[in-house]
Amino acid sequence: MNRTEQLRMLVLAVLARQPEHGYAIAQAIKTRSDGLLMAREGMLYPILHELEADGLINSAEQEVGGRIRREYRLTDAGQRALGQKRAEWEGQTRAIRNILGGTV
Amino acid sequence: MNADTWLRVATDGLPEAVKNRIAQETREHLADAGLGSAAAVDPVLGAPEDTAKALKRLYLTEAEWKRLQPNFWVDVAPLLLLAYYLFFTFKSLGTSLQIAALDMKTKAMESQQISPDLPILIGILFLSAFSGFSLFVILRSFILKGTIRRLWLQMAYICIVLFAAFAPLSVSLNSLKEGLNSPLVIIGFLEACVGCAGLFYMMQWWLQKNRKLRRTLRLMA
């Protein structure tokens, strides 16, 4: 899984909790990863657009406090894709942990 | 680098609808981050060139979009392509069928065998499949409208180029009778490899462009 795919998975995971707008998604990833992930927030929107085009999320403009914001929401297909990616990721990390654990 | 400069670099060469959506979302993002219009935004957003690259992978560029716009020659192209296929490709298919029939007759007269040679059969199957697919692409471009129609026409042009590249392959197939070491067979095999690689990459290119067009049209809707 490359960096872009990881970011796609993280975005889906954040949206699985509740619908969010772009900045909140970036902050959620940054906060939960102790600032390690989401260093380039400009890459977030191409990823959100791609996920939307793939039907994994959808978006709608909403007025909040006099400002128009686009809120993203996970779809059923996105929920299933997240489940698959999560299983794939857990398998990979388990395999790496087993190897690293053996050498230490 | 301030927000205006960052956005100009990140969305350079993209259609207006894409520029507007990215600009709107990025400005909202920066407002939430408490960054004013004069503030340096690259420490937060990263290099605009990386975003530009990602966006160009996702959407058609302005130049690609313009190439899919109405034009007289593009509009009459389906008729020309259809004429080409009806007169030349199917004539060629007819010739192959005649050769196969002649081959069967000769075999029947010589040794009572009535099955034509495998290479001739492969040639006929290949020509039929390719002609059928090309005809389907051309006829489909009549049904579709707008930019999607033009994208299907591009696929028809690809079929023409590939057909021209594959056409001598039938000669090589017939030369199989002379043995696998025949120069014509070796050349034919190499040509088939290059042709298959070309077909694979052209299909990849076309599918990617099709996806990009659909995403771009969604933003324009």
Side-chain angles (χ1 to χ4, degrees), chain A residues 2-11 14-15 18-31 33 35-73 75 77-78 81, chain B residues 1-3 5-12 14-15 17-35 39-61 207-221:
Chain A
N2 65 29
R3 226 178 153 74
T4 309
E5 280 174 20
Q6 279 177 20
L7 200 50
R8 277 170 65 100
M9 182 178 67
L10 295 175
V11 168
V14 169
L15 293 177
Q18 61 184 59
E20 296 279 16
H21 53 87
Y23 181 73
I25 296 169
Q27 291 313 298
I29 295 173
K30 211 191 267 182
T31 310
S33 68
L36 200 66
L37 301 169
M38 203 66 247
R40 299 175 302 158
E41 293 173 25
M43 288 302 286
L44 178 66
Y45 295 99
I47 286 170
L48 285 170
H49 289 198
E50 195 177 6
L51 289 170
E52 193 176 6
D54 291 345
L56 303 182
I57 60 174
N58 55 36
S59 73
E61 282 186 339
Q62 284 183 344
E63 196 180 327
V64 182
R67 280 169 62 191
I68 303 287
R69 316 179 82 150
R70 185 169 286 275
E71 196 174 71
Y72 290 90
R73 185 183 294 270
T75 63
Chain B
M1 190 185 288
N2 65 21
T5 315
W6 193 94
L7 281 168
R8 202 179 56 240
V9 178
T11 60
D12 184 40
L14 290 165
V18 180
K19 279 184 183 174
N20 291 342
R21 169 93 181 254
I22 291 291
Q24 188 196 346
E25 289 186 307
T26 307
R27 287 189 198 286
E28 280 298 324
H29 190 105
L30 294 171
D32 284 333
L35 292 168
V41 298
D42 34 333
V44 174
L45 299 177
E49 291 82 6
D50 292 342
T51 305
K53 211 188 277 179
L55 288 171
K56 278 175 187 152
R57 266 201 303 267
L58 208 57
Y59 298 110
L60 289 179
T61 62
L207 287 172
Q208 192 197 17
K209 204 158 192 185
N210 193 9
R211 279 197 294 268
K212 280 166 77 169
L213 174 62
R214 284 172 195 281
R215 287 183 198 130
T216 310
L217 286 173
R218 266 180 58 133
L219 278 204
M220 287 178 169

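Letters A, B, ... are given to chains in the order of the sequence lines, protein chains preceding strands, and every chain is numbered from 1.
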Heavy atoms of P46(A) and L55(B) approach each other most closely as CG-CD2, 3.9 Å

From [X] [atom1] over to [Y] [atom2], what is the distance, rounded to the nearest 0.5 angstrom?
X: L45(B); Y: Y45(A); atom1: CG; atom2: OH; result: 8.5 Å
X: E41(A); Y: D42(B); atom1: CD; atom2: CG; result: 12.5 Å
X: L48(A); Y: E25(B); atom1: CG; atom2: CD; result: 7.0 Å
X: R21(B); Y: S59(A); atom1: CZ; atom2: OG; result: 4.5 Å

Sort I68(A) into side chain, backbone, both or neither according to what part of it lies under 4.5 angstrom from a heavy atom of chain B. both

Counting only non-hydrogen atoms closer than 4.5 Å, does A26(A) touch chain B with its backbone (N, CA, C, O), its side chain (CB onward), both, or neither? side chain

Step by step, work out the side-chain contact (heavy atoms from CB on, under 4.5 Å) result for E52(A) and R218(B). CA-CA 10 Å; E52(A) 193 176 6; R218(B) 266 180 58 133; 3.4 Å; yes

Worked check of side chain to side chain donor-acceptor pair (under 3.5 Å) between E28(B) and H21(A): CA-CA 9 Å; E28(B) 280 298 324; H21(A) 53 87; over 6 Å; no

Between R67(A) and D32(B), does any side-chain N to carboxylate O distance fall below 4.0 Å? yes

Quick check on A31(B) against chain A: is it the side chain, the backbone, both or neither that has a heavy atom closer than 4.5 Å? both

R211(B) versus E50(A): any side-chain heavy-atom pair under 4.5 Å? no

Can you find a heavy atom in the side chain of T51(B) that is under 4.5 Å from one in the side chain of M43(A)? yes

